[in-house]
Amino acid sequence: MRLALVLAFVAPLAAAQDMGAADARHLLARTGFAARLADVDTFARLSRREAVERLLAQGNGAAVTPAPAWVGEWTDPRRVRAMDPDERKLFVREQIERGLELKGWWFSEMARTPAPLAERMTLFWHNHFTSSLQKVRSPALMYRQNVLLRRHALGNFGELLHAASRDPAMLVYLDAASNRRGQPNENFAREVMELFTLGEGHFREDDIREAARAFTGWSIDPASGEYLFRPRIHDSGEKTVLGRKGNFRGEDVLDILLAQPATAQYVAARLWREFVSPQPDPAQLERVAQVFRASGYDIRSALRALFMTEAFWSSANRGALIQSPVELVVGTLRQFDVGYGDPLPFVLLLRALGQDIFSPPNVKGWPGGEAWINSNTLLVRKQFLERLFRVEETRVVMREPAMREKVDTLKPGARRFMVALSEIEFSGRAWLKPFEGREAMLPLVLLAAAPVGQPSGEGLDIVRALVADPVYQLK
């Protein structure tokens, strides 16, 4: 068994040859939510370049999970302000319930999507062009933004930047809708430079103030909730942004930012930290950034260059990243073909683990990396995995009257989670069938690197041991 573990993690030397199971697992796990045995077998017969091209062929189509029925609705904020206290209370409660439903919808889409790379990139851009339900307070606007991010997830960054900047949820979140001539609000101008394009150290405070003037007039039509430019409150005077002078509007400033080499470097570095390692290799990162800029900010071109770097395939970078809560929970459900009914308990689990989707902690989004792990979240991660592999026992216990009475005394969230757990469809024995005669593939498929411990036993005992191994938390 020990020799098989060592052999399983030896990557082929030549990228042009069939890359083998270890490389296939690495690519699939890093770019999707899980590396399942059938997919590993398929990709193992491809060269690295062929495999990358197959991944990048994923489309930017619509979500396959039916959207909530209310997503097309919009309530004019003037009507909300006119409500009496009881009506407003009911309206707020409805928005909270819709927000939870929206989170459940996206969780289900990530768990079931046939295009995991595109969905991973939708999540990546959600953390790049950050907005939050807590401030936007409109599930409908947050849904529209999610659709926008998915549509551009593997498209053109310049087009995405323009679309996301005019997105109504973004305008609300960064106070851009209140930006007017004579009273410019600098929030959006600052973040579009610091977090969306250039990064720190590539602009001055004067650039922010001048850019804020250019973004005046960007607003939202209260009747429809759509973007609306209001020329009467736009500052039409001359501005100076990053050394360029002109009667700029917001769109012009975005183009100026895209013309800066620092933008390609900054976005490429964020992609590197998402898919390769915590610290970019300067020379290899520069090559990725050059390809990104030369392609006119084609996202697929940037990812192709990134996935073909030596660093991406390096054994030193395997298991170098910590799985986010979404990657852990969604990836586990996908890996083990877990069926479920109510997605809300899993949404609440993500919140407990520190990644409340549609509600990043602040404008910088989730910091990721080691921030995902602390004494509390590590315990919750382990409990989730342990309970998943005891679902059959839980189902039996939940049928006992005494247990049902005990569950009824729990808080609503905990009660709903226990009920959902008992309704999970998961058979470890059925999942293990394709591994019969190929047991040495188990650690390779489940782990990003060799396990810390030495798994013993047979069948599900080995699977439980591998999932409990610290390396299962890595990617």
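One is the number of the first residue; the rest follow in order along the sequence.
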**Student:** Other residues, nucleotides and ligands only: do more than 12 of their heavy atoms fall within 6.0 Å of CZ on R137?
**Tutor:**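 No, the 6.0 Å shell around CZ holds no more than 12 heavy atoms from other groups.
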**Student:** Who passes side-chain hydrogen bond (donor to acceptor under 3.5 Å, both in side chains) against Q335, sequence neighbours left out?
**Tutor:**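 For Q335, no residue satisfies side-chain hydrogen bond (donor to acceptor under 3.5 Å, both in side chains) once neighbours in sequence are set aside.
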**Student:** Hey, are the side chains of Y266 and T263 touching, using non-hydrogen atoms and a 4.5 Å cut-off?
**Tutor:**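 No. Closest side-chain heavy atoms not under 4.5 Å.
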**Student:** Go through the steps for L160 and L149 under the test side-chain contact (heavy atoms from CB on, under 4.5 Å), then give the verdict.
**Tutor:** CA-CA 7 Å; L160 173 58; L149 296 177; 4.0 Å; yes
**Student:** Mind checking whether F435 and W431 have parallel, tilted or perpendicular rings, split at 30° and 60°?
**Tutor:**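 Tilted, since the angle between the ring planes falls between 30° and 60°.
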**Student:** Can you tell me if Q145 and W125 form a side-chain donor-acceptor pair at under 3.5 Å?
**Tutor:**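 Side-chain D/A pair, Q145 to W125: absent.
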**Student:** Assess whether a salt bridge exists between R54 and E50, defined as any Lys/Arg side-chain N lying under 4.0 Å from an Asp/Glu carboxylate O.
**Tutor:**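 Salt bridge flag = no for E50 with R54.
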**Student:** Can you name the one residue among P360, S324, P361 that meets side chain to side chain contact (heavy atoms under 4.5 Å, CB included) with Q355?
**Tutor:**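 Answer to the side chain to side chain contact (heavy atoms under 4.5 Å, CB included) test with Q355 among P360, S324, P361: S324.
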**Student:** For the side chain of R334 and the backbone of T113, is there at least one donor-acceptor N/O pair under 3.5 Å apart?
**Tutor:**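 Yes, R334 side chain to T113 backbone: donor-acceptor pair under 3.5 Å.
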**Student:** Does the plane of the ring in F307 sit parallel, tilted or perpendicular to the ring in F275? Use 30° and 60° as the thresholds.
**Tutor:**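 Answer is perpendicular, since the angle exceeds 60°.
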**Student:** Work out which heavy atom in V192 is nearest to a heavy atom in S165; give both atom names and the distance.
**Tutor:**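 Taking V192 first and S165 second, the nearest heavy atoms are CG2-OG, 4.3 Å.
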**Student:** What heavy-atom pair brings L258 and Y297 nearest, and what distance separates the two atoms?
**Tutor:**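 That closest heavy-atom pairing would be O-OH, 2.7 Å.
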**Student:** Is it true that D76 and R78 make a salt bridge, defined as a side-chain N closer than 4.0 Å to a carboxylate O?
**Tutor:**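 Here D76 pairs with R78 in a salt bridge, since their nearest N and O are under 4.0 Å apart.
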**Student:** Using a 4.5 Å cut-off on heavy atoms from C-beta on, say whether the side chain of F312 contacts that of V52.
**Tutor:**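 Sidechains of F312 and V52: no contact.
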**Student:** Decide salt bridge (Lys or Arg N to Asp or Glu O under 4.0 Å) for E159 and R151; before the verdict, give the C-alpha distance in whole Å, the side-chain angles of both, and the deciding distance to 0.1 Å.
**Tutor:** CA-CA 11 Å; E159 293 176 7; R151 184 168 61 248; over 6 Å; no
**Student:** Sub-3.5 Å donor-acceptor pair from the side chain of E73 to the main-chain atoms of A140, do we have one?
**Tutor:**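 No: the side chain of E73 does not pair with the backbone of A140.
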**Student:** With distance as the sole test, does H26 use its side chain to make a donor-acceptor pair with the main-chain N or O of W313 at under 3.5 Å?
**Tutor:**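 Looks like no, no N/O pair under 3.5 Å.
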**Student:** If you measure from CZ on F196 to OG1 on T130, what distance do you get to the nearest 0.5 Å?
**Tutor:**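 Nearest 0.5 Å value for the CZ-OG1 distance: 6.5 Å.
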**Student:** In terms of relative ring orientation, are W218 and F188 parallel, tilted or perpendicular, with 30° and 60° separating the classes?
**Tutor:**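 Because their plane-to-plane angle lies in the 30° to 60° range, the rings of W218 and F188 count as tilted.
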**Student:** Return yes if some donor-acceptor pair links the side-chain N/O of R150 with the main-chain N/O of E119 below 3.5 Å, else return no.
**Tutor:**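 Not at all, since once roles are kept as given, no pair shorter than 3.5 Å links the two residues.
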**Student:** Is R30 reaching over with its side chain to a backbone N or O of K475, donor-acceptor style, under 3.5 angstrom?
**Tutor:**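 The answer is yes, because a donor-acceptor pair under 3.5 Å joins these two groups.
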**Student:** Is the shortest side-chain N to carboxylate O distance from D255 to R249 below 4.0 Å?
**Tutor:**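 R249 and D255: not salt-bridged.
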**Student:** Look at the side chain of T216 and the backbone N and O of R181, then say whether any donor-acceptor pair between them is shorter than 3.5 Å.
**Tutor:**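 No, the answer is negative, given that no donor and acceptor are paired below the 3.5 Å cut-off.
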**Student:** When you measure from the side chain of N179 to the backbone N and O of N185, does any donor-acceptor pair fall under 3.5 Å?
**Tutor:**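 Yes.
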**Student:** Would the distance check show the side chain of E109 and the main-chain N or O of T65 forming a donor-acceptor pair, the cut-off being under 3.5 Å?
**Tutor:**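 Yes, the answer is positive, given that a donor and an acceptor are paired below the 3.5 Å cut-off.
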**Student:** Looking at L28 and V40, what are the two nearest heavy atoms and their distance?
**Tutor:**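 Smallest interatomic distance, heavy atoms only, reads CD1-N, 3.8 Å.
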**Student:** Please report the C-alpha distance between M110 and T122 in whole Å, then the side-chain angles of each, then the deciding distance to 0.1 Å, and finally whether the side-chain contact (heavy atoms from CB on, under 4.5 Å) criterion is met.
**Tutor:** CA-CA 10 Å; M110 288 188 282; T122 303; over 6 Å; no
**Student:** Parallel, tilted or perpendicular, judged at 30° and 60°: which one describes the rings of F336 and F426?
**Tutor:**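 Perpendicular, since the angle between the ring planes exceeds 60°.
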**Student:** Over all heavy atoms of both residues, which pair between L56 and L303 is shortest? Give the atoms and the distance, please.
**Tutor:**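 Answer, listing the atom of L56 first, then L303: CD2-CB, 3.9 Å.
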**Student:** Taking all non-hydrogen atoms of both residues, which atom of Y472 and which atom of V467 are closest, and how far apart?
**Tutor:**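 Minimum heavy-atom separation between Y472 and V467: CB-O, 3.4 Å.
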**Student:** Please identify each residue that fulfils salt bridge (Lys or Arg N to Asp or Glu O under 4.0 Å) with E97, with sequence neighbours left out.
**Tutor:**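 E97 satisfies salt bridge (Lys or Arg N to Asp or Glu O under 4.0 Å) with no residue once adjacent residues are dropped.
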**Student:** Indicate yes or no for a side-chain donor-acceptor contact from R318 to the backbone of A448 under 3.5 Å, with no hydrogens or angles considered.
**Tutor:**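 No, the answer is negative, given that no donor and acceptor are paired below the 3.5 Å cut-off.
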**Student:** Given R98, which partner from the list S138, P68, P139 fulfils the side chain to side chain contact (heavy atoms under 4.5 Å, CB included) test?
**Tutor:**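 Among the candidates, only P139 passes.
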**Student:** Below 30° counts as parallel, above 60° as perpendicular, anything between as tilted: where do the rings of F107 and Y340 land?
**Tutor:**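 Answer is perpendicular, since the angle exceeds 60°.
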**Student:** Regarding D298 and S295, is there a side-chain donor-to-acceptor distance under 3.5 Å anywhere?
**Tutor:**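 The answer is no; no qualifying pair exists.
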**Student:** Might you work through the side-chain contact (heavy atoms from CB on, under 4.5 Å) test for R120 and T31, ending with a clear yes or no?
**Tutor:** CA-CA 7 Å; R120 273 287 304 280; T31 60; 5.7 Å; no
**Student:** Quick one: are L321 and P278 in side-chain contact, heavy atoms under 4.5 Å?
**Tutor:**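 L321 reaches P278 side chain to side chain.
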**Student:** Do any N or O atoms from the side chain of R25 and from the backbone of L444 form a donor-acceptor pair under 3.5 angstrom?
**Tutor:**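 The answer is yes, because a donor-acceptor pair under 3.5 Å joins these two groups.
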**Student:** Flag the pair L123 / W106 as yes when at least one side-chain heavy-atom distance between them is below 4.5 Å, and no otherwise.
**Tutor:**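 Yes, their side chains come closer than 4.5 Å.
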**Student:** May I ask you to test the I208-M193 pair for a side-chain heavy-atom distance under 4.5 Å?
**Tutor:**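 A side-chain contact under 4.5 Å exists here.
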**Student:** Determine, for K103 against D356, whether the closest basic-nitrogen to carboxylate-oxygen distance falls under 4.0 angstrom.
**Tutor:**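 Salt bridge between K103 and D356, a charged N being under 4.0 Å from a carboxylate O: yes.
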**Student:** Does K135, at its NZ atom, have more than 12 non-hydrogen atoms belonging to other residues, nucleotides or ligands within less than 6.0 Å?
**Tutor:**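 Yes, because the 6.0 Å sphere around NZ of K135 holds more than 12 heavy atoms from other groups.
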**Student:** Taking E87 first and then R79, would you say they form a salt bridge - that is, a charged N and a carboxylate O separated by under 4.0 Å?
**Tutor:**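 A salt bridge is absent here (no side-chain N lies under 4.0 Å from a carboxylate O).
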**Student:** Under the side-chain hydrogen bond (donor to acceptor under 3.5 Å, both in side chains) rule, what do E94 and W70 come out as? Steps first, then yes or no, please.
**Tutor:** CA-CA 11 Å; E94 179 184 60; W70 45 261; over 6 Å; no
**Student:** Any non-hydrogen side-chain atom of W372 less than 4.5 Å from a side-chain atom of Q473?
**Tutor:**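 No - every pair of side-chain heavy atoms lies 4.5 Å or more apart.
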**Student:** Would a 4.5 Å heavy-atom cut-off, applied to side chains only, mark M170 and E191 as touching?
**Tutor:**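 No, too far: nothing below the 4.5 Å cut-off.
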**Student:** Run the side-chain contact (heavy atoms from CB on, under 4.5 Å) check on L344 and V347 step by step: do they pass?
**Tutor:** CA-CA 5 Å; L344 183 58; V347 168; 4.2 Å; yes
**Student:** Hey, could you give me the CG/OG1 distance between L285 and T309, rounded to the nearest 0.5 Å?
**Tutor:**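 Nearest 0.5 Å value for the CG-OG1 distance: 9.5 Å.
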**Student:** G225 and P168: which non-hydrogen atoms are nearest, and at how many Å?
**Tutor:**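 What the structure gives for the nearest pair is O-CG, 3.2 Å.
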**Student:** Under a plain distance cut-off of 3.5 Å, with no hydrogens placed, do T42 and D39 share a side-chain donor-acceptor pair?
**Tutor:**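 On atom types as modelled, these side chains do not qualify, holding no pair under 3.5 Å.
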**Student:** Taking the side chain as every heavy atom from C-beta outward, state whether R293 and Q265 have any pair of such atoms under 4.5 Å apart.
**Tutor:**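 No; the side chains remain at least 4.5 Å from each other.
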